Protein chains: 2
Amino acid sequence: MPEPVPGGPLSLRVPALAELELLLAVARLGSLGQAARALGISQPAASGRLRALEQRLGVRLVRRSPGGSRLTDEGALVSEWARKIVEAAEAFDAGARALRGRRDSRLRVAASMTIAEYLLPGWLVALHAGHPGTAVSLAAGNSATVAGQVLEGAADLGFVEGTEVPAGLDRAVIGHDRLLVVAARPHPWARRRIPVPAAEVAATALVLREPGSGTRQVLDAALAPYGGPAAPLLELASTTAVKAAAISGAGPAVLSELAVAEELAAGRLTAVPVAGLDLARALHAVWPAGHRPAGPARDLLSLTRRPRDRPS
Amino acid sequence: MPEPVPGGPLSLRVPALAELELLLAVARLGSLGQAARALGISQPAASGRLRALEQRLGVRLVRRSPGGSRLTDEGALVSEWARKIVEAAEAFDAGARALRGRRDSRLRVAASMTIAEYLLPGWLVALHAGHPGTAVSLAAGNSATVAGQVLEGAADLGFVEGTEVPAGLDRAVIGHDRLLVVAARPHPWARRRIPVPAAEVAATALVLREPGSGTRQVLDAALAPYGGPAAPLLELASTTAVKAAAISGAGPAVLSELAVAEELAAGRLTAVPVAGLDLARALHAVWPAGHRPAGPARDLLSLTRRPRDRPS
DNA sequence: CCCTGGTCATAAGGCCAGGTTATTACCCGA
DNA sequence: TCGGGTAATAACCTGGCCTTATGACCAGGG
């Protein structure tokens, strides 16, 4: 059982989003009063909020002067960390809005779990920035249900992983996903520069998602010619749990590159080169055959389409 | 009073961290009451919070039953988005704690801005997980000041970018950073598979950080043999502003790969292959010559060291 | 059979965080 | 010297959110 958070819940130690937004607004606009107006609060409220923020952190974030306010060096650093939170909150909001508007939305999207988790929020933020009026609704499921909803007309646009697309749907490749074998630094595979043979991967106990999950199916199929995957070291029900296990050194894991991009960049995990395995799968947008996406669906699609991948 | 932001500030539309933490705790522990205890609040408070969260989102997140509570499909999706926010908040907290504890900390770290922004919070989270007692203080600055602080004994461990390390310091390579030329999809460079010649990069107006910034210095030096960088298309004071400009299609930009890892993974930006330019720079940990890091400094160092890079 | 221990929801009461308005102080440029 | 910008302080008030107390429901065991 993981620790129930030493030092109390995060929410007591991390400033509220409103305070972080204020800091960013001050950084952007150069004055407390303007930032206050931008957030729809009074100037004294902004002054108080910022003072509370500085007191909680024990650091001076802003150099006030009659004529404006400017971030200190520490303030710049803190505001970058804060920006990460705010960006995650924007993605959350974009996703939540889409999830909320059930029937009456102008653009109904259905997406597979992986795409809905990692890609869609970013697209929706961009869509909202470019086409503010667009209301989107979202249904998430596996590839089969997504295809079904698009076929039935319950969704205007679908996003699926995997290679087979049912008849009756047109599709466009919007990107590629790839399962990666990843390992934390203590593991020998993390030092490999010479690719690990596929047969060795197939014979090794790995940290995996549970059977039935999309990534597990792809892996099982890819490893079948080599004797199938060995009995898993751990079988976990969520991508995050698999990541955590791999990072803590339980053993090598197999995950979508979308899920581990950040860990790879920060060096918490290393991609293990593998020889003779094709774990790539295309990401497709799908829509009813013949009905080329128009209006909002076209807007969204144009945000997602990669230039080198043309629709069929 | 008007609201200049469409839909009002994020803080009014995104649930507070406490609510997101609760959702994750429920997902992890399987019951409202246990989650409440883990967060140190009463069970009715948890019930109320969760109800408020579901009402705000307009979606049922949890299936209650006598015997426990389980996430719905939408709940699983929302909790993944929430997890992103909470992880960003954990990184913020780790950084903020380090920034706050000024003198009395057991481990004093000095780091360059880029490392302090993108890498250090993750390390501190990991350090806190592995060695809960460690108190860390952080000073951020450019590479020269970091080296100075370590030399003076004002910091136990330093992290710098760049190749030159002053005498009197031992160092270990802990990773590599690389400036990338990035472009959004509309730009022709985003479709290039054949590398762009360095001379063409040097002749093209780019979106850049302001002169004096670390990344700008590296770029200027690298492009000098080819006639130096052309007059910038835009000169912006923050990494985020440069990213935003590039994503919105202003033109190609040059940024640290640490700063754009997420945008590359999500396809919002594309790395442009460039021929004949070496924009890589090693990331070093540094400490006073002869005094091999011990205790907390060693703990932190072991979290950051990549296996294929051995200390001198 | 019913008691016990687990789940969760509802009700009533109280506290305090954070907002508001009004006012003061400061600085700069016209 | 006066207006328009900056930010800070004071006094007041509202309402969100927590607490405790209680009730309904369900499963398992004596």
Side-chain angles (χ1 to χ4, degrees), chain A residues 1 4-5 8-57 59-72 75 79, chain B residues 1-5 8-57 59-72 75 79:
Chain A
M1 182 164 307
V5 184
L10 222 49
S11 39
L12 293 181
R13 298 179 305 172
V14 175
L17 275 125
E19 298 178 45
L20 304 180
E21 273 190 291
L22 175 64
L23 180 65
L24 296 181
V26 170
R28 180 160 35 89
L29 300 173
S31 113
L32 277 193
Q34 287 184 40
R37 276 195 295 281
L39 299 186
I41 62 176
S42 68
Q43 173 267 321
S47 176
R49 264 193 206 172
L50 191 59
R51 198 160 47 81
L53 179 59
E54 288 179 321
Q55 269 183 350
R56 182 196 316 244
L57 300 184
V59 174
R60 236 208 168 31
L61 301 174
V62 166
R63 271 190 26 219
R64 287 99 159 146
S65 78
S69 294
R70 196 108 200 101
L71 292 186
T72 63
S79 76
Chain B
M1 193 164 300
E3 19 182 285
V5 180
L10 222 48
S11 39
L12 294 181
R13 297 179 304 173
V14 175
L17 275 140
E19 299 177 44
L20 304 180
E21 272 189 292
L22 174 64
L23 180 64
L24 296 181
V26 170
R28 179 160 39 90
L29 301 174
S31 115
L32 277 192
Q34 288 184 39
R37 277 194 294 282
L39 298 186
I41 61 176
S42 69
Q43 173 267 321
S47 176
R49 265 193 204 171
L50 191 60
R51 199 160 45 80
L53 179 59
E54 288 180 321
Q55 269 185 348
R56 184 197 314 246
L57 300 184
V59 175
R60 219 171 172 70
L61 302 174
V62 166
R63 269 190 28 217
R64 286 99 160 146
S65 79
S69 294
R70 194 111 203 100
L71 291 186
T72 63
S79 77

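In what follows, chains carry the letters A, B, and so on, assigned in the order in which the sequence lines appear, proteins first and then strands, with residues in each chain numbered from 1. Remember, it's a predicted structure, so these values are computed and weren't measured experimentally.
- Of the possible polar contacts, one joining the A/T72 side chain to the A/L61 backbone as a donor-acceptor pair under 3.5 Å is found.
- Separation of atoms CD (A/Q34) and CD (A/Q43) is listed at 12.0 Å; rounding is to 0.5 Å.
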- request: Sugar-phosphate atoms are those with a prime plus P, OP1 and OP2; base atoms are the rest. Using that split, label each nucleotide of nucleotides 10-19 of chain C B, S or - for protein heavy atoms under 4.0 Å, 5' to 3'.
  value: B--------S

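- Whole-Å rounding puts the B/L53 CG to D/dG16 P distance at 17 Å.
- When B/L23, B/V62, B/V26 are each tested for a side chain to side chain contact (heavy atoms under 4.5 Å, CB included) with B/S79, only one passes: B/L23.
- To the nearest 0.5 Å, atom CG of residue A/L10 and atom CD of residue B/E21 are 5.0 Å apart.
- Atoms CG (B/L50) and P (C/dA9) sit 8 Å apart, rounded to a whole Å.
- Atom CZ of A/R60 and atom P of D/dA8 are 8 Å apart (whole Å).
- If you take CZ of A/R37 and P of C/dT20, they are 13 Å apart, rounded to a whole angstrom.
- Phosphate proximity of D/dT6 to A/S69: absent, as no side-chain N or O sits under 4.0 Å from OP1 or OP2.
- In this structure, the side chain of A/R56 engages the main chain of A/L12 through a donor-acceptor pair within 3.5 Å.
- Summarising the geometry, the separation between CD on B/Q55 and P on D/dG16 is reported as 13 Å, rounded to the nearest angstrom.
- Here the nucleotide nearest the side chain of B/R64, chosen from D/dA7, C/dA9, D/dT6, is C/dA9.
- Rounded to an integer number of Å, the gap from B/L32 CG to C/dC8 P is 4 Å.
- Between B/S65 and C/dC8 there is no side-chain N or O to OP1 or OP2 distance below 4.0 Å.
- Although no hydrogens or angles enter the test, the distance criterion places no donor-acceptor pair under 3.5 Å between the side chain of B/S69 and the main chain of B/G30.
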